[in-house]
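Each chain gets a letter, A, B and so on, in the order the sequences are listed, and its residues count up from 1.
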2 protein chains.
Amino acid sequence: MQTRRRYHHGDLRAALLTGAEDTIREKGPAALSLRELARDLGVSHAAPSRHFKDKQALLEALALVGFDRITQTMTAALVGAGESFAGRLAAGARAYVDFAVANAELLDLMYSIKHAPEASEELSAASQRWTEQMMSLIAEGQRRGEVREGPLERVGTGVFSTLHGYATLVASDSLPEEMPGGGLDELVAYILRGCAPDK
Amino acid sequence: MQTRRRYHHGDLRAALLTGAEDTIREKGPAALSLRELARDLGVSHAAPSRHFKDKQALLEALALVGFDRITQTMTAALVGAGESFAGRLAAGARAYVDFAVANAELLDLMYSIKHAPEASEELSAASQRWTEQMMSLIAEGQRRGEVREGPLERVGTGVFSTLHGYATLVASDSLPEEMPGGGLDELVAYILRGCAPDK
DNA sequence: ACCTGAACACCGTTCAAGT
DNA sequence: ACCTGAACACCGTTCAAGT
């Protein structure tokens, strides 16, 4: 009774988000049912509509949570990393891959929901913050002279693509080998060669 | 009457696949309804179940079509490319990016459906054929001495990750700049540096 | 072999009404 | 402000029955 009352006091929205995340993690986004979610939380099936206008809105809010989380995770990883660009890149790569593996379906959702033309302003802002964080890591490398000069969009795109591609391929189990541990070091070396200054 | 009869003669399965592909392209995978599909094709709502045991089976078959198509598209692009590794890599990258842009939702489906634990044998075989085609492009580069030596899984993973990441990011409109045309050349140069032999 | 029609249990969404 | 209950139109899936 007490726990149920709490939903009447403002955290049904948060409960819906975490419940939805659990569902997509365990059974995929297609298995998400608003009515089942409401049932599990002990509210009526119409209650969620007070917090999310429809299912799509809930999914967008979830994607936003994902972008915020990966951005924050990356920040934490970089705080603990050393000063060398190679070390910071490795730490960032590790964080991204770990996130992708632990949140595979959420990561899918984050990037697939942008196909929807009605993507909210908030969502694209969060996505942009994440992209910019990756780019600013490259900018660090440029300042240290370990990354070639040039417009960040050009120089950073390769690095971002490689990390994103590797993380999503690992998450979808699409790489020919698991490469436990050593695979990432190899990847970081490849990236460093790709973006190193000439000569 | 004639057109309807054809569905009674063996191509309802193909019609369901192309219809489903049109739907996910235009309205996303969440909007796919078997009943609506059947209605549009002039058959009863129960007819699709003769060809696909459930919705998931249809989506898996669609993903399989996607893997076959990108593999075939890539083959065609490489036939028309020159002999130099740089040229062939550029042609492959162009083909992948074009496919990703033209089939954004299908590409999503191809990689997200693998999260489902019941993914068919056929599907994972098609996915593996596609991965192996990418890898054999790298192997070409190795034979020409333009790609560093080493196990293909290690050397090729970086290249594959970069191409896959770039293609999916472009498809989901997640890159800071459109980089029309020139962006891909820059990316190919980055990849070539990353996988070039030492010294 | 392939499809139909009815049936079942479940959805998402809306809206008057309650507290 | 937030939630309920009923209502509506729509699903996916199954299965006896038709051809």
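- Among the nucleotides D/dT13, D/dC15, C/dC11, the one closest to the side chain of B/Ala46 is D/dC15.
- In this structure, the nucleotide among C/dT4, D/dG12, C/dC11 sitting nearest to the side chain of B/Leu34 is D/dG12.
- Residue A/Lys55 has its side chain nearest to C/dG12 when only C/dA7, C/dG12, D/dC15 are considered.
- When Watson-Crick and G-U wobble pairs are counted only if both distances are under 3.5 Å, C/dC11 pairs with no nucleotide at all.
- Within the model, atoms CD of B/Glu153 and CG of A/Leu175 stand 10.5 Å from one another, a figure rounded to the nearest 0.5 Å.
- Residue contacts shown for A/Leu32 are limited to sugar-phosphate atoms, with no base heavy atom under 4.0 Å away.
- Taking atom CG on A/Asp40 and atom C1' on C/dC10, their separation rounds to 15 Å, with Å as the unit.
- Rounding to whole angstrom units, NZ of residue A/Lys27 and P of C/dC10 are separated by 13 Å.
- Atom CZ of A/Arg35 is separated from atom P of C/dA9 by 15 Å (rounded to the nearest Å).
- The nearest whole Å value for the distance from the CG atom in A/Leu58 to the P atom in C/dG12 is 10 Å.
- We find that CG of B/Leu59 is positioned 10 Å from P of D/dT13, with the value rounded to whole Å.
- Using a cut-off of 4.0 Å between Lys/Arg side-chain N and Asp/Glu carboxylate O, B/Glu21 and B/Arg25 are scored as salt-bridged.
- The residue among A/Arg50 and A/His45 whose nearest nucleotide of DNA chain D lies closer to the 5′ end is A/Arg50.
- At whole-Å resolution of the value, CG in B/Leu37 and P in D/dC10 are 17 Å apart.
- Remark: side-chain polar atoms of A/Glu146 are not paired, donor with acceptor, to backbone N or O of A/Ala196 under 3.5 angstrom.
- When only modelled atom types and interatomic distance are considered, B/Tyr190 and A/Thr162 share a side-chain donor-acceptor pair under 3.5 Å.
- Between D/dG12 and B/Ser33, a contact under 4.0 Å exists linking OP1 or OP2 to a side-chain N or O.
- Note on B/Arg13: nothing from the nucleic acid sits closer than 4.0 angstrom, heavy atoms only.
- Pairing partner, C/dT4: D/dA16, with both Watson-Crick or wobble hydrogen-bond distances short of 3.5 Å.
- Using a 4.0 Å cut-off, some side-chain N or O of B/Arg39 falls inside it from OP1 or OP2 of D/dC11.
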* Asked: Can you list the steps and then say if B/His164 with B/Tyr96 is a side-chain contact (heavy atoms from CB on, under 4.5 Å)?
  -> CA-CA 8 Å; B/His164 180 67; B/Tyr96 200 174; 2.7 Å; yes
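- B/Leu12 places its CG atom 9 Å from the C1' atom of C/dC3, with the value rounded to the nearest Å.
- Atom CG in B/Asp54 sits about 17 Å away from atom P in D/dC11, given to the nearest Å.
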